[in-house]
Amino acid sequence: MPRVNRRAFMAGTAAGTAAAALGMPAIAQAAPFKIGLLTVKTGPLAQGGIQMEQGIVTLLKQKNNTFAGRKVELISADTGGNPAGAKTKASELIERDKVDVVLGPLAAFEMLAINDYIRQQGTPLMSLAGAEDITQRLANPWVMRGSASSAQCCHVLGDYAAKELKYKRAVTIAEDFAFGYEQMSGFQRVFEDDGGKVVKKLWPPLVTPDYTPYIAQIGNVDCVVNGFAGSNPVKFMRAYADLGMKRIPLLAGWTAMDDALLKSLGDEAIGVVSAAWYSASLDSPVNKQFVADMAKDYNVIPGGYSAGMYVAGQVVEAALAKTGGKADDKKAFNEALRGVSLSDTPRGPVKFDAYGNVVGDIHIRRCERKGGALVNTIIKTYSDVSQFWTYGDKAFLANPVYSRDYPPAKNLE
């Protein structure tokens with residue numbers, strides 16, 4: 001893909017320079033609106049990180065690199081997919097590059113690492129990372145999330161598994177880090193509240209060369225729920241099929257069956273049921289255009305990573321329109337961001353709760369082969385899903401944050 005740097009979206013600068021040389025008054029467009037992107041281009045999470053950049057670049061191209069009459073400069077920073085890298089790159093974007101807004105990061109542990117810094121600096125940030133408590137008990141007034149909290153889709157998946165699929169016993173498996181914990185805990189809580197039992201929870205490390213020892217621990221259950229991310233879902237599902245485990249149905253969080261991963265999967269993915277806040281198969285004009293542009297420019301089917309940054313960019317554009325293109329007053333611009341409500345995005349309608357987290361549709365999809373290609377077919381949509389599911393914010397926040405051991409499973413083997 002084309003290299004993105006701090007000069008990539010400076011069209012119009014030459015004209016502004018010429019005007020200055022002639023002694024003409026400066027115009028607002030001469031000062032670009034700066035977007036800083038915290039993404040990942042190396043390691044197991046790089047596939048999603050590259051898609052994040054593709055998503056925001058696609059929107060900027062559609063908009064002629066202009067939001068609300070202002071030229072936009074995109075500055076892309078590779079965190080390396082670790083907390084230290086996220087801290088370093090966030091400080092460079094904010095203090096050196098003077099960005100007006102930050103998009104990203106990808107991983108929950110990265111967001112947790114920079115949360116206090118973003119609060120101190122008072123720079124608006126639109127996160128892709130789930131990191132539950134950033135929009136819950138430790139709500140940061142400068143952070144918004146336009147994708148989903150870690151558990152938002154898995155709450156829905158737990159409800160569907162128990163009520164529609166009538167499953168009673170499940171094993172969960174996800175990486176041994178915050179995003180994995182929060183996803184699987186969300187599934188577990190709703191599934192158990194609806195009468196199901198999570199009989200075992202498995203936690204492979206983020207970098208796991210062989211999933212066989214973990215898959216060997218799966219026994220007498222109705223389904224296996226996986227919450228892998230990056231390229232790990234491909235390795236896991238291949239191993240699962242190779243070991244003859246397809247007799248036990250697979251369920252998945254949004255990252256584990258992201259649409260952009262389907263080109264890397266084979267028949268092992270057929271039949272997998274997933275819950276996701278974005279689906280490339282969503283039938284709407286804006287999504288069809290997004291899918292077509294991503295295919296044209298990058299030869300990929302977009303998934304949540306690219307859609308997340310596209311939608312984040314739409315929210316930023318809407319806020320700029322509210323402020324008349326001004327972002328120098330960070331507090332006023334941040335308030336405009338938090339008040340955005342959009343009806344026309346690739347994921348459907350979005351609005352934000354009082355904690356800065358998105359309220360929107362969650363789709364249940366089944367992976368099928370159509371015309372020789374794998375697709376996630378939407379089979380049910382849950383509308384206006386909150387990060388608090390049906391529990392209400394006060395009751396939800398009275399409990400600890402979802403973690404490796406909370407909530408404790410009621411019926412572990």
Side-chain angles (χ1 to χ4, degrees), residues 39-40 42-52 79-86 104-113 127-134 147-155 157-158 170-189 198 200-218 223-240 245 250-258 260-261 264-265 268-269 272 274-276 303-305 308 401-407 409:
T39 189
V40 184
T42 52
L45 300 177
Q47 186 168 1
I50 291 168
Q51 291 161 24
M52 288 170 65
T79 67
N82 63 73
L106 184 154
F109 53 76
E110 292 181 298
M111 187 62 241
L112 293 167
S127 178
L128 180 79
E132 297 275 304
D133 243 7
I134 303 302
S147 51
S149 68
S150 303
Q152 204 160 351
C153 293
C154 285
H155 284 147
L157 190 63
V171 164
T172 64
I173 181 167
E175 287 106 343
D176 193 6
F177 71 144
F179 182 58
Y181 307 152
E182 292 171 357
Q183 282 188 99
M184 296 301 96
S185 292
F187 171 87
Q188 174 197 323
R189 182 176 182 184
V198 172
K200 189 169 291 188
K201 299 189 284 187
L202 301 171
W203 306 112
L206 180 60
V207 180
T208 296
D210 182 8
Y211 290 106
T212 301
Y214 299 93
I215 296 171
Q217 298 179 55
I218 298 170
C223 64
V224 174
V225 187
N226 91 89
F228 291 110
S231 58
N232 287 340
V234 177
K235 292 192 296 181
F236 168 73
M237 278 188 275
R238 285 178 181 167
Y240 192 82
M245 295 294 291
L250 266 181
L251 306 183
W254 78 263
T255 56
M257 280 299 290
D258 190 53
L261 276 181
S264 302
L265 291 164
E268 67 273 12
V272 176
S274 60
Y305 297 99
V401 66
Y402 289 147
S403 65
R404 201 179 197 273
D405 300 311
Y406 185 84

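Count residues from 1 along the sequence. Computed from a predicted model, the values in this text were never measured in an experiment.
- Listed for the N226 side chain is no donor-acceptor partner under 3.5 Å among the backbone atoms of T172.
- With contacts defined as side-chain heavy-atom distances shorter than 4.5 Å, the pair T255/P233 does not qualify.
- Of all heavy-atom pairs between L261 and A256, the closest is CD1-O, 4.0 Å.
- Judged by distance alone, the side chain of K201 and the main-chain N or O of S185 form no donor-acceptor pair under 3.5 Å.
- We find the OG-CE distance between S264 and M237 to be 10.0 Å, quoted to the nearest 0.5 Å.
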- Apply the test side chain to side chain contact (heavy atoms under 4.5 Å, CB included) to residues E268 and Y240: give CA-CA distance (whole Å), side-chain angles for both, the deciding distance (0.1 Å), then the verdict. CA-CA 8 Å; E268 67 273 12; Y240 192 82; over 6 Å; no
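- Atom CG of N82 sits about 7.5 Å away from atom CZ of F109, to the nearest 0.5 Å.
- A 4.5 Å side-chain heavy-atom check between V171 and Q217 finds every atom pair outside the cut-off.
- Within the model, atoms NE2 of H155 and CD of Q188 stand 10.5 Å from one another, a figure rounded to the nearest 0.5 Å.
- A donor-acceptor contact shorter than 3.5 Å is absent between the side chain of Q51 and the backbone of G304.
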Worked check of side chain to side chain contact (heavy atoms under 4.5 Å, CB included) between V40 and M52:
CA-CA 9 Å; V40 184; M52 288 170 65; over 6 Å; no
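- Scanning for salt bridge (Lys or Arg N to Asp or Glu O under 4.0 Å) contacts around D176 gives R404, with sequence neighbours left out.
- Contact of the Y406 side chain with the Y181 side chain is not registered, since no non-hydrogen atoms from C-beta on lie closer than 4.5 Å.
- When every heavy atom of S127 is checked against every heavy atom of A129, the shortest pair comes out as OG-N, 3.0 Å.
- Relative orientation of the W254 and F179 rings is perpendicular, given thresholds of 30° and 60° on the angle between their planes.
- With contacts defined as side-chain heavy-atom distances shorter than 4.5 Å, the pair I218/K200 does not qualify.
- Here the shortest heavy-atom pairing between P205 and Y214 reads CD-OH, 3.3 Å.
- Rounded to the nearest 0.5 Å, atoms CD1 (I215) and CG (D210) are 8.0 Å apart.
- Of the possible donor and acceptor atoms, one in the side chain of T79 sits under 3.5 Å from a partner among the backbone N and O of T39.
- Distance alone, capped at 3.5 Å, places no donor-acceptor pair between the T208 side chain and the Y211 backbone.
- Taking both residues in full, the closest heavy atoms of S150 and E132 are given as N-OE2, 2.8 Å, listed atom of the first, atom of the second, then distance.
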**OP:** Would you please test Q47 and D258 for side chain to side chain contact (heavy atoms under 4.5 Å, CB included) and show each step?
**Re:** CA-CA 11 Å; Q47 186 168 1; D258 190 53; over 6 Å; no
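- Going from atom CD of E182 over to atom SG of C154 covers 11.0 Å, rounded to the nearest 0.5 Å.
- What you find for Y305 and G48 is that their closest heavy atoms are CB-O, 3.3 Å.
- When all heavy atoms are compared, the tightest approach of A275 to C153 is CB-O, 3.3 Å.
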**Request:** Any chance you could lay out the side chain to side chain contact (heavy atoms under 4.5 Å, CB included) test for V198 and M184, step after step, and finish with the verdict?
**Result:** CA-CA 10 Å; V198 172; M184 296 301 96; over 6 Å; no
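- Within the 4.5 Å cutoff, the side chain of F228 has no heavy atoms near those of the V234 side chain.
- Rounding to the nearest 0.5 Å places CG of L206 at 5.5 Å from CG of L45.
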